[in-house]
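Worksheet for the structure shown next.
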2 protein chains.
Amino acid sequence: MREGSDDATRLAAAPPNDVRPLDEVDRALLAHLVADARVTNAALAEAVGIAPSTCLARVRSLRERGVIRGYHADVDPAAVGLPLQAMISVRLQSDARDRLGEFTGLVRRLPEVRDVYFVAGEDDYLLHVATAGTGALRDLVARLNAHRDVAGTVTSLIFDHLRPVPAPGS
Amino acid sequence: MREGSDDATRLAAAPPNDVRPLDEVDRALLAHLVADARVTNAALAEAVGIAPSTCLARVRSLRERGVIRGYHADVDPAAVGLPLQAMISVRLQSDARDRLGEFTGLVRRLPEVRDVYFVAGEDDYLLHVATAGTGALRDLVARLNAHRDVAGTVTSLIFDHLRPVPAPGS
DNA sequence: GATGAAACTTGTTATGA
DNA sequence: TCATAACAAGTTTCATC
């Protein structure tokens, strides 16, 4: 429950998140796992210069502490029938502030939505979406605009999306 | 070389990308691998109801056809000392059109940049960045603005970033 | 914490159906 | 595509430093 469900939760600070500083080995492990989440434990251990058993314990610790949030395959949207990507800026009604969680929950459940950025400034959300085509995109934008909390949207087509994955060296 | 390096490359259509339609099993495999890139082949095979050997061949084919572009660990930026995220809109000079590749190559090499969206409309790029703090963000924006091809930038702070990972069922 | 080696589990390939 | 089997390779535990 990110948004909190009672006053105590809403007003409490973010969880401590165990911010023990990471050492060089941890950073090397992360770099390798970001570049290739399926490296074997043995290969990873050798790459960073520690024993496999140590490597296993380190990676498990990173996962448990929340430093590593998960491992995901990166799928080409076009290959699964969603070739048209867009960034949709959403501005909410000024009286919708106490229903932010509701709208957030809604958009994150839309299958077209790949990223939800909750931003400061004139707009409240940036939604990175992937759709089947202009018709599907138009429908999606219409649905968003029809929501009672939405004051307006601006849609920009995305020609290309790059996610630079730093080489394990850095 | 995404940007092309000679006229023939620049004018050629995008690569065919082998758009054979995916069947139900392929989609199920993708859903599971997006949710958890480290599932074992045996578990994956059982989850989608095929033999492990078939599963291995299917997944390898998806990878080779470019449907699966890679497997990446998702690391919490705050945990690695980059707690301040922002979206930077970049508008290029109108005469910079024939140097798009150059600027793209530059920004994708900046360590702060996590996503590069090349968009249509008034702006040319949206850069999703993660920085150590306000000082680092200010420096980054200043460096971008100092580039000869940059006409202007607009920076919005990101309070939160969600990547909805659909459940393997969908 | 880190290690090396043993015990165990899993991935992988090949085969024939 | 599957099932089986055999081998190679990886993972995990544990006693020890």
Side-chain angles (χ1 to χ4, degrees), chain A residues 15-76 79-81 165-170, chain B residues 17-76 78-81 165 167-170:
Chain A
N17 203 2
D18 200 351
V19 183
R20 258 173 306 190
L22 306 175
D23 65 15
E24 291 294 308
V25 173
D26 286 327
R27 288 178 185 279
L29 291 172
L30 292 175
H32 279 85
L33 287 169
V34 168
D36 176 12
R38 298 199 84 172
V39 281
T40 64
N41 184 61
L44 185 56
E46 194 190 347
V48 306
I50 58 179
S53 50
T54 307
C55 186
L56 200 66
R58 288 260 195 172
V59 173
R60 187 177 295 157
S61 168
L62 289 168
R63 181 78 230 253
E64 281 166 0
R65 282 186 280 161
V67 176
I68 296 172
R69 296 188 287 206
Y71 304 96
H72 307 291
D74 174 26
V75 174
D76 180 4
V80 294
V165 173
S170 53
Chain B
N17 203 2
D18 200 351
V19 183
R20 257 173 306 188
L22 304 175
D23 65 15
E24 292 294 307
V25 174
D26 286 326
R27 288 177 186 278
L29 291 172
L30 292 175
H32 279 85
L33 287 169
V34 167
D36 176 12
R38 300 198 82 169
V39 282
T40 64
N41 184 60
L44 186 55
E46 195 191 347
V48 307
I50 58 177
S53 52
T54 307
C55 185
L56 201 67
R58 288 257 194 172
V59 173
R60 186 176 298 158
S61 168
L62 289 169
R63 180 79 229 255
E64 280 165 1
R65 281 185 282 161
V67 176
I68 296 173
R69 296 188 288 207
Y71 304 95
H72 307 292
D74 174 25
V75 174
D76 180 4
V80 295
V165 173
S170 56

Rounded to the nearest 0.5 Å, what separation is found between the CG atom of B:L44 and the CG atom of B:N41?
6.5 Å
Distance from B:L29 atom CG to B:D26 atom CG, nearest 0.5 Å?
6.0 Å
Check: B:R69 main-chain N/O paired with B:R63 side-chain donor or acceptor under 3.5 Å
yes
Could you tell me whether the side chain of A:D74 and the main chain of B:G70 form a donor-acceptor pair under 3.5 Å?
no
Pair B:T54-B:R58, side-chain donor/acceptor within less than 3.5 Å:
no
If I take atom [atom1] in residue [X] and atom [atom2] in nucleotide [N], what distance separates them, rounded to the nearest angstrom?
X     : N      : atom1 : atom2 : result
A:R38 : C:dG11 : CZ    : C1'   : 10 Å
B:E46 : D:dA3  : CD    : C1'   : 15 Å
B:N41 : D:dA9  : CG    : P     : 17 Å

Among C:dT13, D:dT13, D:dT11, the nucleotide that comes nearest once only the side chain of B:R60 is considered:
C:dT13
Contact list for DNA chain C against residues 49-58 of chain B - heavy-atom distance below 4.0 Å:
B:L56
Difference in axis direction between the ends of the helix from C:dG1-D:dC17 to C:dA17-D:dT1, five pairs, 10°
30°
Check: A:L33 and B:V75 side chains under 4.5 Å, non-hydrogen atoms
no
Report yes if the side chains of B:L22 and B:L62 come closer than 4.5 Å at any heavy-atom pair, otherwise no.
yes
At their closest point, which heavy atom of A:A28 faces which heavy atom of A:V48, and how far apart are they?
CB-CG1, 3.8 Å
